[in-house]
Amino acid sequence: MIKKYIFALSKLITVSLLVSISFSRCTEHEKKGKSIHIIPLPKEIKLQNGLLSVQNAFSIDADRIFENERELLKTALTTEFNLIEDHNSILIQFSRDESCDPDEYILSINKNNITIKASNPRGIFYGTRSLIQLMEMNKKQHEIHLPICKIKDWPSFKHRGMLIDCCRHFFEKDVIKKYIDLLAYFKMNTLHWHLTEDQGWRIEIEKYPLLTEIGSKRKDSTGIYEGYYTKKDIKEIIDYAAKRHISVIPEIEFPGHSQAAIASYPQLSCTGNPIDVATEWGVFKDIYCAGNDSVYTFMEDVLEEVIELFPSPYIHIGGDEAPKTRWENCPKCQKRIEDENLKDEHELQSYFIKRIEKYLNSKGKILIGWDEILEGGLAKNAIVQSWRGMNGGIEAAKHGNKVIMSPTSHAYFDYSIKTTDLKKVYEFDPIPKDLDSVQQKLILGGECNLWSEHIPNEDQLDKMAFPRLLAMSEVLWSYPKERKYTSFLNRVDKHTELLNDKGVHVGLDAFPCEITTAIDDFKNPLAIINPGRSELHFEYQWNGDSSTTIIDSAYKVPLNNSGQLRIIAKKDKKTYGDPVVQHIQLHQGLFKKVNYNTNYSNYYKANQELTLVDGQLGGKEFRDGDWQGFWNTHLDITIDLEKETLFDSLSVHFYQYINSWIFSPIEIAFNVSNDSVNWTNLGTIKKEEHISKRGKMIDEFAIFNSSKKPYRYINLVANPLKVIPDWHEAAGNSTWLFVDEIIVK
Ligand code: ACM
Ligand code: ZN
């Protein structure tokens with residue numbers, strides 16, 4: 001096709017002429033004062049000298065197949081840049097280039113026009129996202145000066161997703177649309193929409209109206225918490241997403257996380273007993289009965305309506321965290337195990353998933369499930385989403401199945417920034433080294449997950465998603481070798497400004513500081529501030545004093561007393577994040593040697609051998625780095641005070657949050673000795689009533705040294721609950737003990 005170019009040179013000013021062409025990376029562009037702050041970092045950029053000045057007006061010339069992309073760009077240019085469409089003005093041209101891969105685009109900012117080439121609309125769309133980012137970065141008041149350049153770009157991974165959990169908390173349609181726009185802006189391509197849960201069923205199913213009438217509502221402190229999407233809402237979202245080249249994958253959970261469905265139709269469970277939609281967070285015992293044929297009918301009916309709505313070739317069916325307690329005690333489930341010659345309840349889960357898979361495949365759809373679907377045998381064509389680390393994904397790929405990686409270590413954006421900061425996400429590599437090159441090709445990509453138990457509203461959603469989504473986008477799109485964190489952070493700072501201007505509440509990129517403790521050369525204790533990022537300055541306060549003290553570049557705070565140390569971080573004179581508060585307890589055991597007779601878990605190492613004697617007390621969040629976890633074992637440790645020491649009391653802190661299987665101990669013995677051979681029991685504390693308490697709490701166990709004698713060695717033995725009571729959701733009898741400081745006063 002012959003294109004007609006019309007240039008109105010009065011509106012298009014080439015500031016300087018092309019002088020040289022060179023390949024370069026963004027860091028170098030930045031040095032030259034040109035802003036190519038695109039995220040994700042493009043694969044190839046040829047930067048030339050000179051600028052293209054865009055003022056007032058534009059026009060877009062596009063083949064008919066690019067009409068949608070033309071329309072979207074036109075809307076952005078008129079609404080966000082206040083430009084006027086004028087066919088006599090500067091021309092942006094979309095053209096078809098069959099040599100491009102399906103997701104590839106070539107964007108050229110020339111001295112008097114802009115072209116985007118691609119083989120299909122998706123590539124053109126990605127080109128327009130880069131163009132819009134360039135325009136935003138290079139806009140000063142009413143003028144836009146674009147660097148003359150050529151960008152050739154394509155993604156590294158096919159699957160670039162984000163999960164939004166709309167069940168624990170419900171997000172209105174407009175919030176979902178905003179997120180679709182933001183995903184598209186950073187060239188992500190998948191919204192994984194988590195629609196059914198224990199705490200709420202959020203998708204209209206005509207054949208089972210009680211799923212939304214009953215299942216979308218739960219009791220909470222304000223009365224009733226509710227919300228669901230009608231079929232019309234869902235179609236609107238899917239259309240909106242499709243225009244922006246985002247595929248929407250629904251997640252309908254089987255067989256676990258199904259309490260809201262069971263509350264609506266109790267006959268779906270093993271017991272048939274009426275239950276409420278869950279009001280607590282956690283994992284629940286009541287799941288779909290795998291022995292009951294009407295459950296499979298229900299499942300197929302629901303999926304039929306879901307398939308009708310969602311054009312995605314993939315349907316996510318969950319499969320995670322399904323306790324087998326009910327199945328173990330259900331005659332129907334046991335009969336199914338016998339009839340189908342299955343080994344155990346894990347094989348029954350596999351049977352269940354394979355039945356869903358067969359149904360989905362018969363409708364031309366592919367099943368995605370969490371890595372638990374590996375247990376008891378993997379369905380043939382299923383895609384495994386690996387969340388409990390990368391191992392599930394590795395096993396699936398070795399099996400020949402396709403994989404999406406979203407390990408809790410890097411991809412769980414509901415975790416605090418202290419646990420998973422921007423740098424950590426940026427270090428994510430979805431390709432495990434121990435796969436061969438054929439198996440590596442089965443890794444489709446990655447996904448960041450925003451579980452919403454602790455995300456009650458849009459502002460909090462923004463703070464958890466951003467800026468970490470930018471790191472995920474770059475991990476999944478750009479060349480790993482080209483990724484440099486400092487250059488990325490520089491671009492993130494620019495995007496943060498822009499996102500904030502657009503009303504996105506961007507959270508922190510790093511926790512302001514880690515606090516460690518030590519003893520100086522004169523045996524005085526001190527706190528050491530470890531900055532979360534280099535540009536920060538710090539001040540501190542003790543016990544809520546009104547005055548603050550500036551911390552110098554040695555980052556040390558003398559510890560003269562026990563109490564609350566509050567560190568305030570500043571970036572560019574503005575407060576950076578909330579103050580970091582650390583409770584400090586000075587005592588006679590500080591920095592003494594601790595021997596572990598039982599081992600702490602690698603997942604909750606805290607400050608390792610110093611955890612119990614570092615003077616830092618764990619707070620209300622069990623992942624705060626101060627709590628040390630012991631999985632499925634008692635705790636037995638000994639402190640050597642180095643010399644016989646007279647103390648008045650001994651105390652120790654334990655954490656309890658039974659929704660996460662963390663129980664306070666039921667028996668604690670404090671033993672003392674002067675030779676570490678002959679031991680005396682100084683006191684034993686037994687209590688059990690506290691273990692049924694819900695919520696997050698810290699338990700202190702203390703005894704007095706009634707002997708009034710000095711001792712050198714202190715031994716602590718804490719025994720956990722042996723049998724988890726029936727009222728608890730946990731399957732099995734494994735529990736956590738979470739311990740912190742042993743205070744020798
Ligand atoms: C999950 O986080 N339970 C998949
Ligand atoms: Zn059953």
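FYI, side chains are in, hydrogens and waters are out, and symmetry mates aren't considered; it's all heavy atoms of this structure. Since the model is a prediction, treat every value here as computed from it, not as a measurement. Whatever order the structure lists ligands and atoms in, that order sets their numbers, starting from 1.
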> To check your reading of the model: name the closest protein heavy atom to atom 3 (N) of ligand 1, its residue, and the distance in Å.
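Of every protein heavy atom, Asp320 OD2, 2.6 Å lies nearest to atom 3 (N) of ligand 1.
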> For Asp320, enumerate each residue passing the salt bridge (Lys or Arg N to Asp or Glu O under 4.0 Å) test, keeping only those at least two apart in sequence or located in another chain.
none
> Quick one: list whatever passes salt bridge (Lys or Arg N to Asp or Glu O under 4.0 Å) with Asp578, sequence neighbours left out.
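Result, salt bridge (Lys or Arg N to Asp or Glu O under 4.0 Å) vs Asp578: none returned.
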> Is the NZ or CZ atom of Arg244 both under 6.0 Å from the centre of the six-membered ring of Tyr240 and within 45° of that ring's axis?
yes
> Can a cation-pi geometry be assigned to Arg623 and Tyr604, taking NZ or CZ under 6.0 Å from the six-membered ring centre and within 45° of the ring axis?
no
> If you leave out waters, which protein N, O or S atoms are less than 2.8 Å from the Zn ion (ligand 2)?
Cys270 SG, Cys289 SG, Cys330 SG, Cys333 SG
> Heavy atoms only, cut-off 4.0 Å: how does Gln385 contact ligand 1, side chain, backbone, both, or neither?
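For Gln385, no heavy atom sits under 4.0 Å from ligand 1.
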> Does the N or O separation between His257 and ligand 1 drop below 3.5 Å for any pair?
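Such a contact does not occur with ligand 1.
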> For Glu321, take its heavy atoms, then give the atoms of ligand 1 lying under 4.0 Å from any of them.
3 (N)
> Under 4.0 Å from any heavy atom of Trp451, which atoms of ligand 1 are there?
1 (C), 2 (O), 4 (C)
> Does the cation-pi check pass for Arg355 over Tyr296, that is, NZ or CZ under 6.0 Å from the six-membered ring centre and within 45° of its axis?
yes
> Considering non-hydrogen atoms of the protein only, which is the closest contact for atom 2 (O) of ligand 1, and what is the distance?
Tyr412 OH, 2.6 Å
> Atom CH2 of Trp193 and atom CD1 of Ile252: how far apart are they, to the nearest 0.5 Å?
10.0 Å
> Within 45° of the ring axis of Tyr351 and under 6.0 Å from its six-membered ring centre, is that where the NZ or CZ of Arg336 lies?
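No.
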> Is it the case that the side chain of Arg202 and the backbone of Ser216 share a donor-acceptor pair, with hydrogens and angles ignored and the cut-off at 3.5 Å?
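Yes, because the side chain of Arg202 sits within donor-acceptor range (under 3.5 Å) of the backbone of Ser216.
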> With sequence neighbours left out, which residue pairs that include part of residues 209-222 fulfil the salt bridge (Lys or Arg N to Asp or Glu O under 4.0 Å) condition?
Lys219-Asp276
